[in-house]
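Below is one structure, written out as structure tokens, with a few remarks after it.
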Amino acid sequence: MLEAGKPATRLKSETLQVLLERGLVNQASDLEALDARLAEGPVTVYAGFDATAGSLHVGHLMPLMAMRWMQKLGHRPIAVLGGGTTQVGDPSFRNEARPLLNDLQISANVAGIRRCIDRLVDMSGEDGAIMVDNAEWLTEFRFLEFLRDYGSQFTVNRMVTFESVKSRLEAQSPLTVLEFCYMMLQAVDFLELSRRYNCEMQIGGSDQWGNIVNGIELGRKADGRKLHGLTVPLLTTAGGAKMGKTAAGAVWLHPEHLSPFGFWQFWRNTADADVGRFLRLFTELPINEVERLSLLQGNELNEAKKILSTQVTAIVHGAEEARTALEQGEALFSGDGDLTDPTHVLPRECLSEGLGLLELLVRIGFADTNGEARRLVEGGGVRLNRQVIEDVRRQISVGDLQAEDRLAVAVGKRRKALVGFS
RNA sequence: GGAGGAGUGCCCGAGUGGCUAAAGGGGACGGACUGUAAAUCCGUUGGCUAAGCCUACGUUGGUUCGAAUCCAACCUCCUCCA
């Protein structure tokens, strides 16, 4: 295992040096061979994304950043959408089977994910990145044909040794043949991509190690090709916790799942101890700049957090959105600023019909239930137009509206909304 | 196949007939402090039209005025034996 950020002087390839320096390397199948290959010239590299949700989240940013760096350095990325593999469900490190998604959900999810990836790798031009859906080939196989061609290349003996399925087997929790075959499918993906696009390298999360290794072995057995694998580290906080959750849920990359401002806020709230590492991982600032920012202390570190937030938001949502988010953040948190554009719009009629404070909080998503809203109010965490309200029976009326019929609602220090009525 | 043990709220875990919407811890959220950080302290943490009602301790039935707690069957997991 390699240590992130450690300058690797013995490496020949710039690519691997950059990835290491950025902290994007967890383990590699054959580091020296990979280094030699990368030093030789451009390679085609792929990472796969299963369509289990309508958006990718911050965890997926790691392999995507690795692909961006590689593209910058002249390599060609392929983003593989798991339209086929999602029909099976990856059992890696899971203690029970995932609920299976139907075709409709999968294709909707594929569309959302496509949109996320689109922003992160450059698809333009002849040498641009490629996006493919593995349903393209996986759905074409006939069962007997598949078993004969590929089933013969895998032994169950070997397959059960993988850490990713071990705990499931040891716990005697049922692992269906369907799920068990997932690793074969991902291996076939790699083989297929090597044949179609001359793809020689796969990047994935550390939980993908077993699946990647299977692909490498299949490439060697079936075609006698030398394929390479690289995993990125698991995204954790300095506290060691798995990362990517906020009060509002997962940190999604798709703007319809999480607003660019919400995304910016997530990064703005990074713990001090994580700033340096995150700047390295999720921005493209030169490494000496990253180091300079990491050395800031105390209050000054907040500047680094803003830079981090704005940089990452720019990569995921675009420079324009990032600037807006930064401005919003500044306005909202430096003194008496308020949001300028409504974040939610409710029909005007609900005012005359009688809109309770609790209902309002639920409607704008600041609470899941009336009970939760009640607790927030009782705890003194709710403000209307910057006034703390502790009356749970408070009704919202026309008199509460400020200029342009707007109502500023805030919960806690960080959740703020501007509700418009029309 | 035989014997024993276990399944509790988001997670871990106490609870062996009424005082139990269920101890304690973690997490999460709110408050104080601060730097939109960490640490610390305080509070909250099933739902509802909140007085009251409803739903909850693997599942389904049963005993009882009353069950997370007792009984039966079933499901799942763990340990030991074959």
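Chain letters run A, B, ... following the sequence lines, proteins first and then strands; every chain starts at 1.
Between the A:His254 side chain and the A:Cys116 main chain, no donor and acceptor come within less than 3.5 Å of each other. Between the side chain of A:Arg406 and the main chain of A:Val419, no donor-acceptor pair closer than 3.5 Å is present. Between the side chain of A:Gln186 and the main chain of A:Tyr182, no donor-acceptor pair closer than 3.5 Å is present. Using modelled atom types, one side-chain atom of A:Asp35 and one backbone atom of A:Lys12 make a donor-acceptor pair closer than 3.5 Å.
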Mark up nucleotides 44-57 of chain B, 5' to 3', with B wherever a protein heavy atom is under 4.0 angstrom from a base atom, S wherever such an atom reaches only the sugar-phosphate, and - elsewhere.
SS-SSSB-------

Tabulate below the donor-acceptor pairs under 3.5 Å that side-chain atoms of residues 138-154 of chain A make, not counting sequence neighbours, or state none.
unit_1   : atom_1 : unit_2   : atom_2 : d
A:Thr139 : OG1    : A:Ala135 : O      : 2.4
A:Ser152 : OG     : A:Arg148 : O      : 2.7

Identify each donor-acceptor pair in which a side-chain atom of residues 345-360 of chain A lies under 3.5 Å from a protein atom, sequence neighbours left out, and give them as a table.
unit_1   : atom_1 : unit_2   : atom_2 : d
A:Arg348 : NH1    : A:Asp405 : OD2    : 2.5
A:Ser352 : OG     : A:Glu349 : O      : 2.8
A:Glu359 : OE2    : A:Arg363 : NH1    : 3.4

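Going from atom CZ of A:Phe366 over to atom P of B:C29 covers 14 Å, rounded to whole Å. Atom pair A:Arg277:CZ and B:A37:C1' shows a separation of 15 Å (rounding to whole Å applied). In this structure, CG of A:Leu332 is placed 10 Å from C1' of B:U36, rounded to the nearest angstrom. Rounding to whole angstrom units, CG of residue A:Leu296 and C1' of B:A38 are separated by 17 Å. B:G35 atom C1' lies 20 Å from atom CH2 of A:Trp267, rounded to whole Å. Note: CG (A:Leu361) to P (B:C29) measures 16 Å, nearest angstrom.
The nucleotide whose nearest atom lies closest to any side-chain atom of A:Asn269 is, among B:A38, B:C29, B:U36, B:U36. In this structure, the nucleotide among B:C33, B:G35, B:C29 sitting nearest to the side chain of A:Asn299 is B:G35. Taking the side chain of A:Trp264 as heavy atoms from C-beta on, and the options B:U34, B:G30, B:U36, the nearest nucleotide is B:U36. Out of B:G30, B:U36, B:G31, the shortest distance to the side chain of A:Leu376 is found at B:G30.
For B:G35, the OP1/OP2 oxygens have no side-chain nitrogen or oxygen of A:Arg268 closer than 4.0 Å.
Applying the side-chain hydrogen bond (donor to acceptor under 3.5 Å, both in side chains) test to A:Asp118 and every residue at least two apart in sequence or in another chain returns nothing.
With respect to the salt-bridge test (charged N to carboxylate O, under 4.0 angstrom), the residues A:Glu256 and A:Arg115 do not qualify.
Environment of CD in A:Glu289: crowded, with over 12 heavy atoms of neighbouring residues, nucleotides or ligands closer than 6.0 Å.
Remark: the separation of the C1' atoms in B:A39 and B:C33 is 11 Å, to the nearest Å. On the C1' atoms, B:G15 is 16 Å away from B:A56, given to the nearest whole Å. A gap of 35 Å separates the P atoms of B:G43 and B:A6, to the nearest Å. Between B:G7 and B:C57, the two C1' atoms lie 10 Å apart (nearest whole Å). Comparing the P positions of B:C29 and B:C65 gives an interatomic distance of 48 Å, to the nearest angstrom. Taking atom C1' on both B:U20 and B:A67, the two are 11 Å apart, rounded to the nearest angstrom. Separating the C1' atom of B:A14 from that of B:A3 is a span of 28 Å, rounded to the nearest Å. Going from the C1' atom of B:C41 to that of B:U34 covers 13 Å, rounded to whole Å.
In this structure, A:Leu308 and A:Thr283 have side chains that are in contact, with non-hydrogen atoms separated by less than 4.5 Å.
Note on A:Gly380: only backbone sugar-phosphate atoms sit closer than 4.0 angstrom, heavy atoms only; bases stay farther off. Within 4.0 Å (heavy atoms only), A:Glu378 reaches no atom of the nucleic acid at all.
Using the six-membered ring where Trp is involved, A:His60 and A:His57 have ring planes that are tilted, between 30° and 60° apart. Between A:His344 and A:Phe366, the angle of the ring planes goes over 60°, which puts this pair in the perpendicular group of the 30/60° scheme.
Donor-acceptor pairing under 3.5 Å, judged by distance alone, is absent between the side chain of A:Lys416 and the base of B:U36.
Along RNA chain B, the nucleotide nearest A:Asp272 and the nucleotide nearest A:Val411 are compared for position; the residue whose nucleotide lies closer to the 5' end is A:Val411.
For residues 300-312 of chain A, proximity to RNA chain B is found at A:Asn302, A:Lys305, defined as any non-hydrogen atom under 4.0 angstrom from a strand atom.
A:Trp264 and A:Thr310 share a donor-acceptor pair across their side chains, judged by distance under 3.5 Å alone.
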Watson-Crick and G-U pairing of RNA chain B written in dot-bracket, each distance under 3.5 angstrom, with | for inter-strand partners:
((((((((.[[[..)..(.....]]]((((((.......))))))(((...)))...[[[[[..)....]]]]]))))))).

